[in-house]
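Below is one structure; the comments refer to it alone.
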Amino acid sequence: HPPRFPRTPRPGAPEEGPHDDETDDEIPAGGTVNRPATPGPPMVTAAGPGWTPPGGVTDLASPARVYDYLLGGKDNYAADRDLAHRLLAVQPGLASAARENRAFLGRAVAHLAGHGVRQFLDIGCGMPTGDNVHQIAARHDPGARVVYVDHDPTVLVHARALLADDGNVAIVRADLRTPDELRADVTARGMLDWTEPVAVLLTAVLHFVADADDPAGILAALRAGLAPGSALVISHATGPGRAEAAEVAALFTTACVSPLAFRGREEVAGFFGDFEPLDPGLVLTSEWRPGHRPEPPVGWAPATSRSW
C-alpha cells in the first residue's frame, strides 16, 4: 500500500473542523510517523462503559476519526491525531493494521457480492474512504443495497454529504449497543428486506463495545434476525503483549470517547454463534483470502461466517 491514500474533495462536505489547525504528517507504510509523538493538551476522561459525549465535542478522540487518520484521511481533529501518535509510539504497526483491516473488508464484501448477496448492513461504518462498501458491491451487482450505521455525528455529516444522491444507499444514526432499536431504525428506512440474505459488517467496531454492554448478547440479537444465506463479517483487535495492551487500553480510556476491549480468539469466535465459517476461518486480516500481502500480519483477528 502507498504511504497515503488519495482523497478527493466531496461536494457539500464541511470546510472547517478536521485538519484546520495542523499540517499533515505522513504515515509511512510501516506504521510510524515522521515526527515523534508529542503530548497534546489535557484530555477529558470518559466516564465508563456506555458513556457518550455531547454532539460536536472534539477535545476527545473518536475511533472513526483516529482510524481515518491512520488510513491517511483528513477528516480528523487534533485530539484524534494526538491519540494516533501516542498509539503508534506503543504499536508502530497500527497504521499497517488499519490498512490490512480495510483491505480485508473490501475482499469480504467483494466475495459476498460475487456470490449473490445484494444487501449489506455496515455497522460502525466510520468515515467514507476511497473505496466504500456500496462501491465494491455495485461492481458485482449495480442493484446492491447498503445501509451505513454509525452514531458519531462527524461520520454522519460526511457520509450524508457524499452519499446523498445514491438511491441504493441509506445512512442511519443508531447505536450498536442497542441492537433492537438499531434494527427498528434500519427497518424504518425501507432499504433492506429482512426475508432475504443480508451481510452484516462489524469490522473494527466490537472492540469498542465494553464487556458491561454485553457484546455476546448484542451479536445474538443481530444473528437472530437474519434470513438463511446471510453473512456476518467481523474483525476485532487482539491484545499485543500484556504491558502494551494495558497501555493502549489506558490511552483509549483517558483520551477517547470509547473504551477499548481486547479479546481473545475463543471470545471472538463465539460472536459467530452457529454460523458456518468460510475458509480459512478465524485468521489475521492479512491472511483471509489475500490477493497479496505486502507486509507481515499484525494484531487483528478477523473472520467471515455464513448461515446457510
Side-chain angles (χ1 to χ4, degrees), residues 48-52 63-64 101 104-105 108-109 111-112 115 117-126 133 145-152 170 172-189 191-239 249 258-283 285 288 300-308:
W51 179 84
T52 304
N101 183 71
F104 159 70
L105 172 63
V109 170
H111 174 83
L112 293 170
H115 285 75
V117 177
R118 303 183 70 249
Q119 303 184 109
F120 295 83
L121 177 60
D122 189 357
I123 302 176
C125 58
V133 169
R145 299 188 297 275
V146 177
V147 176
Y148 292 107
V149 175
D150 213 296
H151 69 108
D152 184 320
V172 173
R173 181 171 188 173
D175 195 325
L176 173 60
R177 294 168 295 187
T178 55
D180 292 338
E181 293 179 19
L182 184 153
R183 181 184 171 96
D185 290 341
V186 170
T187 301
R189 297 303 300 269
M191 182 68 69
L192 300 183
D193 179 355
W194 296 107
T195 67
E196 298 293 330
V198 176
V200 177
L201 314 177
L202 292 159
T203 55
V205 63
L206 286 171
H207 44 250
F208 296 115
V209 177
D211 290 341
D213 290 318
D214 188 18
I218 291 170
L219 265 295
L222 291 174
R223 293 194 309 269
L226 297 177
S230 294
L232 192 58
V233 179
I234 295 174
S235 65
H236 197 294
T238 59
S258 298
L260 179 68
F262 291 112
R263 295 185 174 97
R265 180 186 180 86
E266 289 187 6
E267 193 169 2
V268 173
F271 292 153
F272 292 97
D274 59 357
F275 276 34
E276 179 183 351
L278 290 176
D279 291 336
L282 190 64
V283 294
T285 47
W288 198 87
W300 295 80
T304 302
S305 292
R306 192 162 188 161
S307 63
W308 290 100

> Donor-acceptor pair, R118 side chain versus E196 backbone, under 3.5 Å?
Replying inline: no
> Taking atom CD1 of I234 and atom OG1 of T203, what is their separation to the nearest 0.5 Å?
Replying inline: 10.0 Å
> Ignoring hydrogens and geometry, is there a side-chain-to-backbone donor-acceptor pair from H236 to V268 under 3.5 Å?
Replying inline: no
>> If the condition is ring-ring contact (aromatic ring centres under 6.0 Å, His included), which residues does Y148 pass it with, not counting sequence neighbours?
In response: H134
>> Which heavy atom of W194 sits nearest to which heavy atom of V186, and what is that distance?
In response: CZ2-CG1, 3.9 Å
> Could you state the interatomic distance from CG (L182) to CD1 (I123), rounded to the nearest 0.5 Å?
Replying inline: 5.0 Å
>> Minimum heavy-atom separation for A64 and G126, please, with both atom names.
In response: CB-CA, 4.0 Å
> Which value, rounded to the nearest 0.5 Å, describes the distance between L222 atom CG and S230 atom OG?
Replying inline: 11.5 Å
>> So, applying side-chain contact (heavy atoms from CB on, under 4.5 Å) with L202, which one of L176, V233, V209 is it?
In response: L176
>> I'd like to know if the side chain of R223 and the backbone of F271 have a donor-acceptor N/O pair within less than 3.5 Å.
In response: yes
>> Check this for me, if you would: do D211 and R263 make a salt bridge, where the nitrogen-to-carboxylate-oxygen distance has to be below 4.0 angstrom?
In response: yes
> Taking E181 for the side chain and D175 for the main chain, is one N or O donor matched with an acceptor at less than 3.5 Å?
Replying inline: no
>> Distance check, rounded to the nearest 0.5 Å: L206 atom CG versus L219 atom CG?
In response: 5.5 Å
> Are the side chains of S235 and F104 in touch, meaning some heavy atoms are under 4.5 Å apart?
Replying inline: yes
>> For W288 and H111, take the angle between the two ring planes, folded into 0 to 90°, and tell me which bin it lands in: parallel under 30, tilted 30 to 60, perpendicular over 60.
In response: perpendicular
> So, does R189 use its side chain to make a donor-acceptor pair with the main chain of A170 at under 3.5 Å?
Replying inline: no
>> Given 3.5 Å as the limit, does a donor-acceptor pair link the side chain of R177 with the main chain of A210, or not?
In response: no
>> Is the shortest side-chain heavy-atom distance between F208 and L260 below 4.5 Å?
In response: yes
